[in-house]
Amino acid sequence: MSTGSFIAVEGPIGAGKTTLSTMLSQELNIPLLKEIVEENPFLGKFYDNIEEWSFQLEMFFLCNRYKQLEDTTTKYIQHGQQVISDYHIYKNLIFAQRTLSGVKWEKYRQIYHILTGDLPKPDLIIYIRADLQTLLKRIQMRGRSFEQNMDTAYLEQLIIDYDHAMASLAESEPDTKIITIDGNQIDFVTHREQFDLIVSEVKEYIK
Ligand SMILES: Nc1ncnc2c1ncn2[C@@H]1O[C@H](COP(=O)(O)OP(=O)(O)OP(=O)(O)O)[C@@H](O)[C@H]1O
Ligand SMILES: Nc1nc(=O)c2ncn([C@H]3C[C@H](O)[C@@H](CO)O3)c2[nH]1
């Protein structure tokens, strides 16, 4: 597999993954692989009743991402072409570990490893960190109705889980470069020069 081709943007809910990956895709002229959100039939139900809908939702995300990454491999990565995605497949585990328990978690964990074992790993992860206040502000500003009553404890826990997950990825996948962005301080949307800095850093790692 070629290296230097696959970039993933990660971070907790509302951190700015889709925004940054879209901007980078346009700036660097790299195809964008975007999360399916609006057509997800379980998200609204999930936020109303996490326990009832978590298994369906996590499986839906897993199957969608599996299919997307499988297609991406055939279309771009196998041909050494660059691609940028607004998620890393590992985020399935970050969420599922929180939303599932007992037998469902165990079944999900096994399916996750079976499905994702041979999927391509990003060469570069751009990890946007942001604190609870910043995320809540952005989630509110974005205004998706089903996210407006999100439990702040859930989001707070995800922020911690993301930090642990990135540390764990850095250890288990040492070939993957991780660029961490302070999403509270760096505003790549309104400050062009801050976006340009990210672009130059990314350019150092892609081929
Ligand atoms: N650096 C930033 N400064 C100001 N606003 C931002 C910034 N990044 C993102 N936003 C705004 O915050 C909201 C959330 O951004 P975005 O949808 O990109 O987040 P996300 O990480 O992809 O979210 P999700 O986890 O739900 O997929 C959007 O309204 C976006 O315009
Ligand atoms: N439970 C759960 N598992 C996932 O794998 C996952 N990926 C994203 N999301 C939620 C966050 C945003 O509300 C919205 C858009 O990212 O979907 C997830 N929720």
Side-chain angles (χ1 to χ4, degrees), residues 8-26 32-69 84-101 104-105 108-109 111-112 115-116 125-152 154-159 161-162 165 180-199:
V9 181
E10 261 303 355
I13 304 171
K17 300 178 288 296
T18 307
T19 308
L20 181 60
S21 51
T22 305
M23 290 170 74
L24 285 171
S25 155
Q26 285 163 1
L32 174 66
L33 189 63
K34 233 169 88 171
E35 183 107 287
I36 299 162
V37 177
E38 307 307 333
E39 304 97 280
N40 188 323
F42 302 113
L43 257 178
K45 294 183 171 103
F46 168 82
Y47 280 116
D48 284 343
N49 187 342
I50 292 190
E51 214 171 303
E52 176 73 18
W53 289 98
S54 51
F55 190 74
Q56 277 85 346
L57 181 78
E58 302 310 347
M59 287 303 299
F60 182 88
F61 271 119
L62 179 58
C63 292
N64 261 298
R65 290 177 181 138
Y66 175 76
K67 170 78 177 130
Q68 271 194 328
L69 287 173
I84 180 160
S85 88
D86 69 351
Y87 63 87
H88 185 301
I89 191 74
Y90 196 72
K91 86 181 282 179
N92 287 284
L93 276 192
I94 302 176
F95 280 88
Q97 206 154 16
R98 279 293 148 210
T99 66
L100 302 175
S101 57
K104 283 184 182 163
W105 162 244
Y108 178 91
R109 199 184 62 77
I111 297 167
Y112 171 89
L115 282 185
T116 64
I125 299 173
I126 303 169
Y127 172 36
I128 311 172
R129 294 189 76 223
D131 64 24
L132 186 65
Q133 257 35 11
T134 304
L135 297 179
L136 286 173
K137 204 170 68 197
R138 293 197 181 145
I139 290 168
Q140 193 188 17
M141 196 171 64
R142 181 171 57 190
R144 283 184 193 142
S145 56
F146 51 79
E147 290 177 341
Q148 298 311 308
N149 295 323
M150 191 185 298
D151 184 357
T152 51
Y154 175 66
L155 193 53
E156 218 165 1
Q157 184 60 59
L158 280 174
I159 294 171
D161 292 344
Y162 257 98
T180 303
I181 292 177
D182 180 350
N184 303 312
Q185 302 294 332
I186 296 182
D187 183 344
F188 47 79
V189 176
T190 46
H191 293 276
R192 177 71 206 191
E193 73 285 0
Q194 298 191 353
F195 176 62
D196 289 342
L197 280 178
I198 299 173
V199 172

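When a ligand or atom number is given, it counts from 1 through the structure's own listing order.
- For atom 4 (C) of ligand 1, the nearest non-hydrogen atom from the set R138, R142, K137 comes from R138.
- Remark: the Y90 side chain and the E10 side chain contain no N/O donor-acceptor pair separated by less than 3.5 Å.
- Of the polar atoms of G16, at least one N or O is found under 3.5 Å from an N or O of ligand 1, judged by distance alone.
- For E147, a nitrogen or oxygen atom sits less than 3.5 Å from a nitrogen or oxygen atom of ligand 2, counting backbone and side chain alike.
- Y66 places none of its side-chain heavy atoms less than 4.5 Å from the side chain of N92.
- The nearest protein atom to atom 16 (P) of ligand 1, hydrogens excluded, is given as T19 OG1, 3.5 Å; this is a heavy-atom distance.
- With a 6.0 Å radius and a threshold of 12 heavy atoms from other residues, nucleotides or ligands, Q56 has its CD atom above the threshold.
- Dense packing is recorded around CZ of R65, with more than 12 heavy atoms of other residues, nucleotides or ligands lying under 6.0 Å away.
- The protein heavy atom nearest to atom 5 (O) of ligand 2 is R65 NH1, 3.0 Å.
- Side-chain contact check for N64 and Q68: no donor-acceptor pair (N or O, by modelled atom type) lies under 3.5 Å.
- When heavy-atom distances to ligand 1 are checked against a 4.0 Å cut-off, H191 has no atom that comes that close, whether in backbone or side chain.
- Using a 4.5 Å heavy-atom cutoff, the side chains of L155 and I139 are in contact.
- Counting heavy atoms only, K17 comes closest to atom 27 (O) of ligand 1 of the residues K17, Q194, E10.
- Scanning the protein heavy atoms around atom 6 (C) of ligand 2, the nearest turns out to be F61 CE1, 3.3 Å.
- Contact atoms of ligand 2 toward Y47: 10 (C), 11 (C), 12 (C), 13 (O) (distance under 4.0 Å to a heavy atom of the residue).
- Contacts of Y154 with ligand 2, taken as heavy-atom pairs under 4.0 Å, involve the side chain alone.
- Ranking the protein heavy atoms by distance from atom 2 (C) of ligand 2 puts F95 CD2, 3.3 Å first.
- Below 4.0 Å from some heavy atom of R144 lie the following atoms of ligand 1, by number and element: 26 (O).
- For the pairing with D161, the side chain to side chain donor-acceptor pair (under 3.5 Å) check across K91, Q97, R98 returns one residue only, R98.
- The closest protein non-hydrogen atom to atom 11 (C) of ligand 1 is M141 CE, 3.6 Å.
- Dense packing is recorded around CD of Q148, with more than 12 heavy atoms of other residues, nucleotides or ligands lying under 6.0 Å away.
- Each of the atoms 15 (C) of ligand 2 lies under 4.0 Å from some heavy atom of V37.
- Selection from A15, G14, G11, P12 by nearest heavy atom to atom 14 (C) of ligand 1 gives G14.
- Nearest protein heavy-atom contact of atom 16 (O) of ligand 2 is E35 OE2, 3.8 Å.
- Interface atoms of ligand 2 facing L57, defined by a heavy-atom separation under 4.0 Å, are 1 (N), 2 (C), 19 (N).
- Near E58, meaning under 4.0 Å from one of its heavy atoms, ligand 2 places the atoms 1 (N), 2 (C), 3 (N), 4 (C), 5 (O).
- In L62, neither the side chain nor the backbone holds a heavy atom less than 4.0 Å from any atom of ligand 2.
- Considering CG of N184 and CG of D187, their distance stands at 11.0 Å, rounded to 0.5 Å.
- Within the structure, ligand 1 has I13 among the residues with a heavy atom less than 4.0 angstrom away.
- Looking only at heavy atoms of the protein, atom 3 (N) of ligand 1 is closest to D187 OD1, 3.1 Å.
- Atoms CZ and CG, from F61 and N40 in turn, are 4.5 Å apart once rounded to the nearest 0.5 Å.
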Step-by-step side-chain contact (heavy atoms from CB on, under 4.5 Å) determination, L100 to F95: CA-CA 8 Å; L100 302 175; F95 280 88; over 6 Å; no
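- Summarising the local packing, CG of N149 is surrounded by 12 or fewer heavy atoms from other residues, nucleotides or ligands at distances under 6.0 Å.
- When only interatomic distances are considered, the shortest N/O to N/O separation between T18 and ligand 1 falls below 3.5 Å.
- Taking distance alone, with nitrogen or oxygen atoms compared against 3.5 Å, R144 stays at or beyond that limit from ligand 2.
- Ring pair F146/Y47 is parallel by interplanar angle, where below 30° counts as parallel and above 60° as perpendicular.
- Near V189, with a cut-off below 4.0 Å to any heavy atom, the atoms of ligand 1 are 1 (N), 2 (C), 3 (N), 6 (C), 7 (C), 8 (N).
- A salt bridge links R142 to E147: one of the charged nitrogens lies within less than 4.0 Å of a carboxylate oxygen.
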